Amino acid sequence: MTNDKATTLLDRAKKVVRDREGPLTRDLLRSPGGYGLGQVPSRLKPDSTTSMVCGYCATGCSLNVHMKDGAAVNLSPATDYSVNMGMACPKGWEALTPLKAKDRATAPMVREGGKLRATDWPTALATFADRMKAIQREHGDSSIAFLSTGQIPFEEMALLGAVAKFGMGMVHGDGNTRQCMATAATAYKQSFGFDAPPYTYQDFEESDVIFFIGANPCIAHPIMWERVCKNPNDPTVVVIDPRRTETAQQADEHVALSPKSDLYLLYGIAHVLIRNRWIDREYIEAHTEGFDELAKHMEAYRPDFVAPRVGIPPRRIEDLARLVHEGKRVSFWWTMGVNQSHEGVRTAQAIINIALITGNIGRPGTGANSITGQCNAMGSRLFSNTTNLLGGHAFDNPEHRTKIANILDIEVDRIPTETSWAYDQIMEGILNGDIRGLWIIATNTAHSWINREDTHAILEKLDFLVVQDMYHTTETARFADLVLPAAGWGEKEGCFINSERRIGITKQVSRAPGTALSDFRIVKLLAEQWGCGDMFAKWRSPEATFDLLKECSRGMPCDITGITGYDMIDELGGVQWPLPAGRSVEKHSQRRLFENGTFYTASGKAKLFFDEPRPMAEPCDNAYPFTLLTGRGSSSQWHTQTRTGKSDVLKALAPSDPYVEISPADAKRLGVATNEWVTVRSRRGHAEARAFVTHIVKPGQVFMPMHFATTNDLTFPSFDPHSRQPSYKACAVSVSKHQVIGANPSR
Ligand SMILES: Nc1nc2c(c(=O)[nH]1)N[C@H]1C(S)=C(S)[C@@H](COP(=O)(O)OP(=O)(O)OC[C@H]3O[C@@H](n4cnc5c(=O)[nH]c(N)nc54)[C@H](O)[C@@H]3O)O[C@H]1N2
Ligand SMILES: Nc1nc2c(c(=O)[nH]1)N[C@H]1C(S)=C(S)[C@@H](COP(=O)(O)OP(=O)(O)OC[C@H]3O[C@@H](n4cnc5c(=O)[nH]c(N)nc54)[C@H](O)[C@@H]3O)O[C@H]1N2
Ligand code: SF4
Ligand SMILES: [Mo]
């Protein structure tokens, strides 16, 4: 279709809508800047190539999108971007395909007579405001809440969090980053004084010893793994994971520890380091607090005490400590095997402690480095206005509230004085009837939340559930009273922050289908309908919002006041925070934190935290003799598969049925072979899955990928007490051979 023809058709479509619907919709159609209804991308030439950051994982690769007649036709990985340098994983290559899926939500839908029916925006907006307000009037501000995401630009998250809390008066709102990054965020905040991952990806290439703890980058962050492969120092790579994962198979050493025994292992390593004086006394004195207490606590964790709890010989603990000691540049990287644990925060801090006491931080190739998950998990941690007030501020700090109120030009008493409930507390609140209206944006709770049976009962209990998603067919949308159709990545603009704190830009290269709108636009319209639109007049567009958030960051560790705007981010190949006003950076620069040993705590020193290890929430017993581990299964599947499941290419690259990894010894005992159906049972539910007989798991353990909804029918809802992150990765299950071999019993 030519541009002219598209414009004519669009004009006609606009006229039809204009004639039918009132002033609100007219305003919606007027929106400039590529975030309105079906317009030709405004910032880009119709036939051009533009680069933008990928919308899946937190690696933050840049993709060149090739446009013809104003529409994206193809893409290829950018070669001049420091993150990926010409590489992309299958999801990145296929990123445009899910936009064309048949089940895209193309119009708002309301539930009538038990069924979701298409409606127009004015009806949808009025339904939202009327129903939410009625609940709020009757049951108070705390009775309506929202659940947000790490997968939309942070300008959208910030607007959402601001409108929900300052405009609509909601008190509680959390994000799916709770399932993912809460542990790392809490650990960093306590230890460093701010949630600040210290590294830059260059560190992958500069280490001589690399530890991956509960991380499987070959599958979950393949382009980060490519960076490890480019390391010229022939580094020693150690993988600490109960499973012999793809990454473990590539590594020099695999420590197949017992599930959730990381704290013992890490304390054992710290014990040996301290006992042998393999520590950096000078660094400890100058830059840390609490070493004497730490050393005292670690006395008990002798290798012979620790080893049986970890399931490895004492000698290996000595050897691992020696490896840390002999390395010149040792880096420690962790992901969900640590974060998703009943004692995740202390485990993350045990890693941080080892880096600190050996002086492995703030230098090239070092660091205690949490790898983030979603494309904008870091953006959500700083700007979603859920657990933190915009820009890493605290809701319960009066000075912070005043600062933010002044920047946003709102009354300070619009800002809640208390921190929101966490995700699990919001779910609990629904169960108790305290929360009755819920607005879910860009997360698929009914699939991904821990212990799905309960989740479904909880969602059913709500008086009013709004689901704002790209697709109307998600597990969560099935429970919705109102579905708001959202534009996805590539259909709107804004910024993501990747794992190394690099702010990257995404653009509109494609039109959202039907009357789907960007989340930014949807939230603006809801604010107007609610009657608080004037409060957000300054939030004109994503880029105007970026400017506001910049101001919010001023003087904070994440200060980005030195970024002039989107063009600068584009030109420099992304910009890592911080970049305070007056400071300049080179194109493709690589910056790490704490080079001068000063942390964000009041004393400027990092704090050393430790605790007694606690038993697993649900240990195995005779009835449920296996430990179920869960996580990512393949590099071509993304979470609940609403997007990757729409690509034939990606589907061909991954198993289509749920499966369970089971050790050859256990399979033999149970009499099951690969591909046969088995039933996996926990105290909460059961799942049918195909057996995948493999040495990846040890006897007594099984693994199921999270990409199939049934996995969370089994998981046990336990949480880290400090971060409230769910412990998805360990519960007790049984496995039995299914009677009807070869047939799929779940269909
Ligand atoms: N292809 C693909 N890539 C993704 C995603 C995706 O869905 N698909 N999701 C993205 C997101 S949001 C995230 S958070 C990341 C997750 O990235 P990762 O955390 O790397 O992936 P997971 O498979 O969840 O978990 C990592 C490993 O933890 C191990 N583990 C389980 N229990 C323990 C334990 O007690 N101790 C230790 N040390 N290890 C344990 C598991 O065996 C698993 O191999 O991936 C991101 N990248
Ligand atoms: N058992 C088990 N469970 C897990 C995990 C595990 O390891 N094991 N990992 C946990 C982790 S780390 C994570 S991060 C979560 C992820 O869990 P979810 O967040 O539930 O997973 P997604 O499939 O990414 O869901 C994102 C939703 O947003 C929609 N969407 C995408 N882009 C947009 C957009 O621009 N706007 C709007 N409005 N919608 C959009 C998608 O269609 C999809 O429905 O799962 C957690 N659950
Ligand atoms: S590694 Fe992550 S950011 Fe890079 S292309 Fe794949 S999904 Fe996208
Ligand atoms: Mo995640």
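Computed from heavy atoms alone, side chains included, the values below leave out hydrogens, waters and symmetry copies. Note that the structure is a prediction, hence the values are computed from the model and not measured. For reference, positions follow the sequence shown, starting with 1.
Ring-plane geometry between Trp421 and His172 is classed as parallel, the angle between the planes falling under 30 degrees on a 0 to 90 degree scale with a further cut at 60. Using bins of under 30°, 30° to 60° and over 60° for the plane-to-plane angle, the ring pair Trp449/Phe719 lands in the parallel bin.
Rounded to the nearest 0.5 angstrom, Lys115 NZ and Met109 CE are separated by 11.0 Å. In this structure, SG on Cys57 lies 10.5 Å from CZ on Arg632, to the nearest 0.5 angstrom. A distance of 10.5 Å separates NZ in Lys165 from CE in Met170, rounded to the nearest 0.5 Å. One finds the CG atom of Leu160 at 13.0 Å from the CD atom of Glu155 (value rounded to the nearest 0.5 Å). For the atom pair OG1 (Thr445) and CZ (Phe479), the distance works out to 10.5 Å, reported to the nearest 0.5 Å.
The closest donor-acceptor contact from the side chain of Asn444 to the backbone of Thr476 lies under 3.5 Å. With Asn339 contributing its side chain and Cys180 its backbone, the two residues share a donor-acceptor pair below 3.5 Å. Side-chain atoms of Thr506 never come within 3.5 Å of backbone atoms of Cys495 as a donor-acceptor pair (strictly under, hydrogens ignored). Of the possible donor and acceptor atoms, none in the side chain of Arg690 sits under 3.5 Å from a partner among the backbone N and O of Tyr659. Between the Ser380 side chain and the Asn376 main chain, no donor and acceptor come within less than 3.5 Å of each other. Of the possible donor and acceptor atoms, one in the side chain of His707 sits under 3.5 Å from a partner among the backbone N and O of Gly633. Judged by distance alone, with hydrogens and angles left aside, the side-chain atoms of Thr630 form a donor-acceptor pair with the main-chain N or O of Tyr728 at under 3.5 Å. Glu528 places no side-chain N or O within 3.5 Å of a backbone atom of Val523 that could act as its donor or acceptor partner. Proximity of a side-chain donor or acceptor of Asp469 to a complementary backbone N or O of Tyr471 within less than 3.5 Å is detected. For the pair His447 (side chain) and Glu475 (backbone), a donor-acceptor distance under 3.5 Å is absent.
Looking only at atom types and distance, the side chain of Thr710 has no donor-acceptor partner in the side chain of Asp713 under 3.5 Å away.
Proximity of the aromatic rings of Phe496 and Phe154 is defined here by a centroid distance below 6.0 angstrom, and this criterion is not met.
For Thr644, the side-chain contact (heavy atoms from CB on, under 4.5 Å) partners are Tyr56, Lys91, Trp638, Gln641, Leu650, not counting sequence neighbours. With sequence neighbours left out, Glu112 forms a side-chain contact (heavy atoms from CB on, under 4.5 Å) with Val110, Arg117. For the salt bridge (charged side-chain N to carboxylate O under 4.0 Å, His left out) test, residues two or more places apart in sequence or in another chain that qualify with Asp547 are Lys550.
In summary, Glu491 and Arg104 engage in a salt bridge, as defined by a charged side-chain N under 4.0 Å from a carboxylate O. Of the charged side-chain nitrogens involved, none lies within less than 4.0 Å of a carboxylate oxygen, so that Arg724 and Asp174 do not count as a salt-bridged pair.
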Do Trp439 and Phe128 pass the ring pair (Phe, Tyr, Trp, His ring centres under 6.0 Å) test, and can you show the C-alpha distance, the side-chain angles, and the key distance before you say yes or no?
CA-CA 9 Å; Trp439 180 16; Phe128 182 103; 4.9 Å; yes

When you look at Asp519 and Lys492, which way does the salt bridge (Lys or Arg N to Asp or Glu O under 4.0 Å) test go after all the steps?
CA-CA 9 Å; Asp519 293 294; Lys492 56 186 179 180; 2.7 Å; yes

Can you check salt bridge (Lys or Arg N to Asp or Glu O under 4.0 Å) on Lys646 and Asp103, steps first, answer last?
CA-CA 9 Å; Lys646 309 294 157 51; Asp103 62 339; 2.9 Å; yes

List the steps and the verdict of side-chain hydrogen bond (donor to acceptor under 3.5 Å, both in side chains) for Arg643 and Gln151.
CA-CA 12 Å; Arg643 287 193 277 166; Gln151 290 181 60; 2.7 Å; yes

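Using a 4.5 Å heavy-atom cutoff, the side chains of Thr177 and Gln374 are in contact. Counting only heavy atoms from C-beta outward, the side chains of Pro108 and Thr515 approach each other to under 4.5 Å.
The cationic group of Lys524 does not satisfy the cation-pi geometry with Trp539, failing either the under 6.0 Å distance to the six-membered ring centre or the 45° limit from the ring axis.
More than 12 heavy atoms of other residues, nucleotides or ligands shown are found within 6.0 angstrom of CG on Asn432.
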